[in-house]
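Quick note: numbers below take in every heavy atom, side chains included, and nothing from hydrogens, waters or symmetry partners. Ligands are counted one by one from 1 in listed order, and the atoms in each one are counted from 1 as well.
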Amino acid sequence: MKESNLEALQAAFQAKIDKDIRIEPKDWMPEEYRKTLIRQISQHAHSEIVGMLPEGNWITRAPNLRRKAVLLAKVQDEAGHGLYLYSAVETLGADREATIDDLHSGKAKYSSIFNYPTLSWADMGAIGWLVDGAAIMNQVPLCRCSYGPYARAMVRVCKEESFHQRQGFEIMTTLANGTPVQKALAQDALNRFWWPALMMFGPNDSDSPHSQQSMDWKIKRFSNDELRQTFVDVTVPQAEMIGLTIPDPDLKFNEETGHYEFGAINWDEFWEVVKGNGPCNADRVAARRNAKENGMWVREAALAHEEKRKAKQAS
Ligand code: BYC
């Protein structure tokens, strides 16, 4: 391509970004923009699918029929989110199977949070309240992402995440107002999920190699630290409301800034989990690999059926 053509394409792309006009799949886009989106959206898709595992673990042990039906619906929603997101990745020219193979080989990342175990029913409350709560905080701005298919997928995802967050908070409220044993379970779940939930927003801005470029391209609208702070500011009063204690001795409200100050995040733990050394990384990837292998016969049967149908139509 001639250099002047490339410059004109780049200028047209930048003009759209500046005017908040969405970039659509067939529009020209810089290769790095495409790669950044494939990276982020595929990691997001993997997070939704792997995210089904810690909660799926409790479907058969939900304490009553209502809770079971709600949890089942939530886990199914996460599958749906993964499917929209894999479709969004395909609009960028990525091969869906190759993307999923990268998850199974351990090459692709997914959210650190899903590498922690779910030890009690209260963890279903903590995940809905904190994990989905953090996800909404991060994903509502993504509804204004400059890439059309991702932004549109996020609108529906966020509606469902709000329901997920509320069902989690409802579980926590019920347990926190229950017997001392139930309240202790809720507190224990909060103790274990609080810090990993803060890590979901990614490294501090000063250690986030992608943030600035993604914000310039209006993929991200807020930095990792800005979103983390908003999450803390919103969530601490919710914990107080239900009588639970945030496990952070350094947490305090700063009257001047109007924000909560919080203690140091253990970034060594975060990077270990991201590198694959968290408590459940190996189990999560093995479960996804097994699901692919065990479901192979279904895909083969569907393909064989399609072939037969086509042959019948042709004859
Ligand atoms: N875990 O420069 P940075 C859900 C990686 S699921 C693992 O800040 P960026 C739900 C990052 O990928 C929620 N890795 O990156 C489902 C990068 O590595 P690479 C999932 C992390 O992209 C079921 C490196 O660290 N949400 O809702 O600008 C049940 C440097 O980071 C993490 C999304 O995926 C992490 N926590 O910002 C319940 C949202 N953080 O790629 C709930 C979409 C960072 O260079 N994604 N890394 O190898 C995003 O908004 C952004 O990608 C992030 C990171 C804020 C996560």
Side-chain angles (χ1 to χ4, degrees), residues 32 35-58 71 73-82 84-85 88-89 102-103 106-116 118 123-143 145 147 150-151 153-154 157-158 160-165 167-168 193 195-217 219-228 231 265 267 269-278 281 284:
E32 281 308 308
K35 280 191 192 149
T36 297
L37 283 166
I38 292 177
R39 178 183 64 78
Q40 176 166 329
I41 304 173
S42 62
Q43 287 176 2
H44 193 165
H46 300 328
S47 304
E48 299 283 356
I49 299 297
V50 175
M52 295 166 72
L53 297 168
E55 288 174 296
N57 180 36
W58 279 88
L71 185 61
K74 177 185 191 296
V75 173
Q76 283 176 340
D77 286 349
E78 312 297 358
H81 299 173
Y84 310 147
L85 290 166
V89 177
D102 284 347
L103 170 69
K107 189 175 151 202
K109 291 194 171 72
Y110 56 87
S111 185
S112 48
I113 191 76
F114 302 116
N115 294 305
Y116 291 86
T118 42
D123 291 11
M124 299 304 98
I127 289 183
W129 174 36
L130 302 175
V131 176
D132 288 86
I136 296 171
M137 209 54 88
N138 166 281
Q139 286 169 191
V140 166
L142 289 174
C143 298
C145 164
Y147 187 58
Y150 193 26
M154 282 303 110
V157 167
C158 284
E160 292 175 352
E161 299 290 23
S162 316
F163 151 68
H164 298 170
Q165 194 272 351
Q167 68 85 37
F193 278 93
W195 291 104
L198 296 194
M199 293 174 195
M200 281 177 74
F201 295 93
N204 287 136
D205 295 349
S206 52
D207 298 318
S208 163
H210 303 300
S211 274
Q212 193 53 54
Q213 180 62 81
S214 288
M215 287 178 67
D216 291 348
W217 277 328
I219 295 174
K220 283 167 92 161
R221 297 281 182 160
F222 297 99
S223 76
N224 299 355
D225 286 333
E226 284 169 332
L227 291 173
R228 190 170 9 250
F231 174 75
I265 292 174
W267 292 115
E269 174 183 323
F270 170 76
W271 289 115
E272 275 307 301
V273 174
V274 172
K275 274 194 282 177
N277 303 325
N281 295 63
R284 301 297 187 228

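- Of the heavy atoms in Met52, none comes closer than 4.0 Å to ligand 1.
- Remark: minimum distance from atom 7 (C) of ligand 1 to any protein heavy atom is reached at Tyr110 O, 3.3 Å.
- Of all non-hydrogen atoms in Gly202 and Trp267, the two that sit nearest each other are O-CH2, 3.2 Å.
- To the nearest 0.5 Å, the span separating CD on Glu272 from CG on Asn277 amounts to 4.5 Å.
- Both the backbone and the side chain of His210 come within 4.0 Å of ligand 1, judged by heavy-atom distances.
- For Phe114, every heavy-atom contact with ligand 1 shorter than 4.0 Å involves the side chain, none the backbone.
- When hydrogens are left out, the protein atom nearest atom 27 (O) of ligand 1 is Ala135 CB, 3.1 Å; that is the closest non-hydrogen contact.
- Only side-chain heavy atoms of Phe270 come within less than 4.0 Å of ligand 1; its backbone N, CA, C and O stay farther off.
- Closest heavy-atom approach to atom 54 (C) of ligand 1 within the set Lys220, Gln43, Gln40, Gln213: this belongs to Lys220.
- Side-chain atoms of Gln167 come within 3.5 Å of backbone N or O of His164 as a donor-acceptor pair.
- Contact annotation: for Leu227 versus ligand 1, there are no heavy atoms closer than 4.0 Å.
- At the shortest separation from atom 3 (P) of ligand 1 among protein heavy atoms lies Ser208 OG, 3.4 Å.
- Between Asn138 and ligand 1, at least one N/O pair is under 3.5 Å apart.
- Geometrically, ligand 1 and Arg39 share a nitrogen or oxygen pair separated by less than 3.5 Å.
- In this structure, atom 56 (C) of ligand 1 lies nearest to the protein heavy atom Met200 O, 4.2 Å.
- Looking at Gln139 against ligand 1, only its side chain comes within 4.0 Å, counting heavy atoms.
- Expressed to the nearest 0.5 Å, how far NZ of Lys109 lies from NE2 of His46 amounts to 11.5 Å.
- In terms of N/O distances under 3.5 Å, ligand 1 is approached by Asn224.
- At least one heavy atom of Glu161 sits less than 4.0 Å from an atom of ligand 1.
- Shown here, atom 33 (C) of ligand 1 is in close reach of the protein: a heavy atom of it lies under 4.0 Å off.
- Taking a 4.0 Å cut-off on heavy atoms, His81 fails to register as neighbouring ligand 1.
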Does Asn204 form a side-chain contact (heavy atoms from CB on, under 4.5 Å) with Asn224? I'd like the steps, not just the answer.
CA-CA 6 Å; Asn204 287 136; Asn224 299 355; over 6 Å; no
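- Proximity of a side-chain donor or acceptor of Trp58 to a complementary backbone N or O of Met124 within less than 3.5 Å is not detected.
- Those atoms of ligand 1 that come under 4.0 Å of a heavy atom in Asp132, given as number and element, are 38 (C), 42 (C).
- Polar contact check, Ser112 against ligand 1: a nitrogen or oxygen pair lies under 3.5 Å apart.
- Interatomic distance, CZ of Phe193 versus CE of Met200, reported as 10.5 Å (0.5 Å rounding).
- The residue among Lys109, His44, Arg228 with a heavy atom at the shortest distance from atom 18 (O) of ligand 1 is Lys109.
- Scanning the protein for heavy atoms near atom 29 (C) of ligand 1, the closest one is Glu78 OE2, 3.2 Å.
- Once rounded to the nearest 0.5 Å, the distance linking CD1 of Ile136 with CZ of Phe163 reads 11.5 Å.
- Atom 40 (N) of ligand 1 has its closest protein heavy atom at Gly202 CA, 3.2 Å.
- By the 4.0 Å N-to-carboxylate-O rule, Asp77 lies too far from Lys74 to be salt-bridged with it.
- Applying the 4.0 Å criterion to heavy atoms of Met199 picks out, from ligand 1, the atoms 36 (N).
- Ligand 1 is never approached by Phe222 to a heavy-atom distance shorter than 4.0 Å.
- Looking only at distances, a side-chain donor or acceptor of Arg284 sits under 3.5 Å from a matching main-chain atom of Tyr116.
- In this structure a side-chain-to-backbone donor-acceptor pair under 3.5 Å is missing from Asp102 to Ala108.
- Counting heavy atoms under 4.0 Å from ligand 1, residue Ile127 does not touch it at all.
- The protein atom (non-hydrogen) at minimum distance from atom 30 (C) of ligand 1 is Pro209 CD, 3.7 Å.
- Here NE2 of His210 is found 3.5 Å from CZ of Arg39. Values are rounded to the nearest 0.5 Å.
- Between the side chain of Asn138 and the main chain of Phe201, no donor-acceptor pair closer than 3.5 Å is present.
- The aromatic rings of Tyr150 and His44 sit perpendicular, their planes meeting at an angle over 60°, well past the 30° parallel limit.
- Not one N or O on the side chain of Ser214 forms a donor-acceptor pair closer than 3.5 Å with the backbone of Lys220.
- Regarding atom 20 (C) of ligand 1, its nearest protein heavy-atom neighbour is Ser47 CB, 3.7 Å.
- Between the CE atom in Met199 and the CZ atom in Phe270 there is a gap of 8.0 Å [rounded to 0.5 Å].
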